[in-house]
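Just so we're on the same page: letters track the sequence lines, and every chain starts at 1.
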There are 2 protein chains.
Amino acid sequence: MAKKLAKSAISQKRVLDAAAKIFRDFGYAGTTMRAIADEADLKAGSIYYHYKSKDELIGAVLDIGVNAVTQRVTEALAALPPEATGRQRVEVAIAAHLSAIIEVGDYTLATRRVAGQVPEAISARNTRLRDSYGAMWQQIMNDAQQRGEFKTTASLTLSRLFILGALNWTVEWYKPGGRSVEQIARDFASFVLDGLSGGAAPLPVEFSEAATEPHDNPRPRIRSA
Amino acid sequence: MAKKLAKSAISQKRVLDAAAKIFRDFGYAGTTMRAIADEADLKAGSIYYHYKSKDELIGAVLDIGVNAVTQRVTEALAALPPEATGRQRVEVAIAAHLSAIIEVGDYTLATRRVAGQVPEAISARNTRLRDSYGAMWQQIMNDAQQRGEFKTTASLTLSRLFILGALNWTVEWYKPGGRSVEQIARDFASFVLDGLSGGAAPLPVEFSEAATEPHDNPRPRIRSA
DNA sequence: GTCTATAGGGAGATAGAC
DNA sequence: GTCTATCTCCCTATAGAC
């Protein structure tokens with residue numbers, strides 16, 4: 001059911017979306033209320049009707065990014081039968097995570113790019129959300145190893161950090177016109193589960209290697225000081 | 001014999017190190033010349049004797065980060081015998097990349113954290129350095145696949161993006177007191193080469209082709225939805 | 001809810017003394 | 001080489017009209 005939003009809520013979301021986009025391109029300090037206002041078709045002073053400070057805005061943007069991913073992955077995992085293998089869980093979690101971060105890409109990118117620049121008080125709550133999401137992954141992997149499904153000699157904690165690091169980095173090079181999210185998810189799962197040396201038969205068809213290169217994201221135009 | 005630096009060069013390096021640290025913590029726009037000056041025990045105006053603008057400074061920081069890694073990895077690969085396997089090349093490249101980014105951690109972190117916030121004109125040159133480093137990895141992987149060493153069905157271009165994304169992310173969670181760089185490198189290599197399900201130990205195999213798989217896992221299907 | 005106007009504080013960069 | 005002093009610009013946030 002399509003919820004009807006109050007006029008205030010509509011503006012609020014417009015401001016939020018604009019903020020994510022501007023934070024994404026200019027970082028925390030580089031983002032000005034004026035730039036957000038322009039993007040949201042407002043005047044700078046009007047933003048303060050919806051959010052009482054720049055810090056409150058970035059806090060909201062950060063939480064949306066993590067929560068969207070957590071929710072999507074949780075749902076996808078819950079939809080699996082109880083007897084699902086660790087391999088299947090990892091495949092499903094990767095696909096859900098990827099599709100979520102690409103869908104709320106501005107928020108994900110904003111989150112990544114302001115990381116470490118946001119005042120401690122603001123980022124503390126967000127860090128907790130992020131840690132609890134990491135714990136979910138950790139459990140999937142630990143369970144699979146205990147059942148003898150995963151035979152890797154590598155630390156699962158490190159493996160989790162590798163996986164989430166690489167996954168979140170995808171938004172930096174993903175380009176809508178290139179490979180599909182589904183294809184990326186499949187390749188990523190294959191990579192994570194079987195590595196470079198493992199793998200099945202010679203591959204079906206490899207698309208042009210140049211199809212997806214990094215550094216394709218909208219570049220900010222920043223005035224040089 | 002330790003090179004003797006001119007007084008000017010010493011100050012310049014002090015400014016550069018300070019800049020990397022401040023850019024790391026505050027991002028591009030959040031970094032002020034005054035903060036860099038404080039860190040370098042100077043006054044803000046004095047920085048302009050060494051660098052003529054904030055943009056020139058960030059440009060220098062960015063390039064140092066990439067060049068340090070490129071140089072270290074290039075040297076490590078060059079030290080390998082010509083008959084080295086793709087697996088060995090990947091192991092060596094991972095170890096060299098990791099130790100380099102941890103050693104120049106401030107520069108690496110600064111680079112990551114100002115990514116996408118730096119004026120286009122400044123980042124263009126750095127992007128070229130970064131791409132040429134990526135091409136080096138690509139070649140190692142392509143060669144190994146052509147020799148039949150890598151049997152993954154995943155795109156090698158995507159795999160390369162995953163690997164470098166995860167590798168560079170390590171600086172975000174690495175803590176000097178924790179696991180050693182060597183241990184992280186070993187686990188990372190095992191993860192990259194054999195995945196979670198594989199169990200290949202970091203065997204000190206000689207250059208004779210290890211034709212037999214180190215484990216007898218059922219090999220992966222294309223996809224198991 | 002959104003506007004205009006502005007207070008009050010820093011920012012990058014330059015000039016010239018030492 | 002490094003300092004102090006300062007110019008000019010633009011930022012966040014508030015006040016009050018509509």
Length of the line joining B:Tyr48:OH and D:dT6:C1', which is rounded to integer Å | 14 Å
Closest contact, heavy atoms only, B:Val192 versus B:Ile163 = CG1-CD1, 3.7 Å
Kindly assign one of parallel, tilted or perpendicular to the pair B:Phe162 and A:Phe188, based on the angle between their ring planes and the thresholds 30° and 60°.
-> perpendicular
Whole angstrom is fine here: how far is it from CZ in B:Phe26 over to P in D:dC11?
-> 20 Å
Measure the distance from CD1 on B:Ile47 to C1' on C:dT14 and round it to the nearest whole Å.
-> 14 Å
To the nearest 0.5 Å, how far apart are CZ in B:Phe191 and CG in A:Leu196?
-> 10.0 Å
Would you check if B:Phe150 and B:Leu193 make a side-chain contact, meaning some heavy-atom pair closer than 4.5 Å?
-> yes
So ring pair (Phe, Tyr, Trp, His ring centres under 6.0 Å) across residues 101-132 of chain B, not counting sequence neighbours, yields none
Would you call B:Asp194 and B:Arg87 a salt bridge, taking side-chain N to carboxylate O under 4.0 Å as the test?
-> yes
In the 5'-to-3' direction, what one-character label does each nucleotide of nucleotides 1-6 of chain C receive under the scheme B = base within less than 4.0 Å of a protein heavy atom, S = sugar-phosphate only, - = no such atom?
-> BBBB--
Looking at CZ of B:Arg160 and CG of B:Leu164, how far apart are the two atoms once the value is rounded to the nearest 0.5 Å?
-> 6.5 Å
Among residues 117-126 of chain A, which residues get a heavy atom nearer than 4.0 Å to DNA chain D?
-> none
Starting from P on D:dA13, measure out to CD on A:Glu56 and report it in whole angstrom.
-> 10 Å
Given atom CG of B:Leu57 and atom C1' of C:dA13, what is their separation to the nearest angstrom?
-> 13 Å
Between P of D:dA13 and CE of A:Met33, the distance in whole Å = 6 Å
Is a donor on one side and an acceptor on the other found under 3.5 Å between the side chain of B:Arg14 and the backbone of B:Ala40?
-> yes
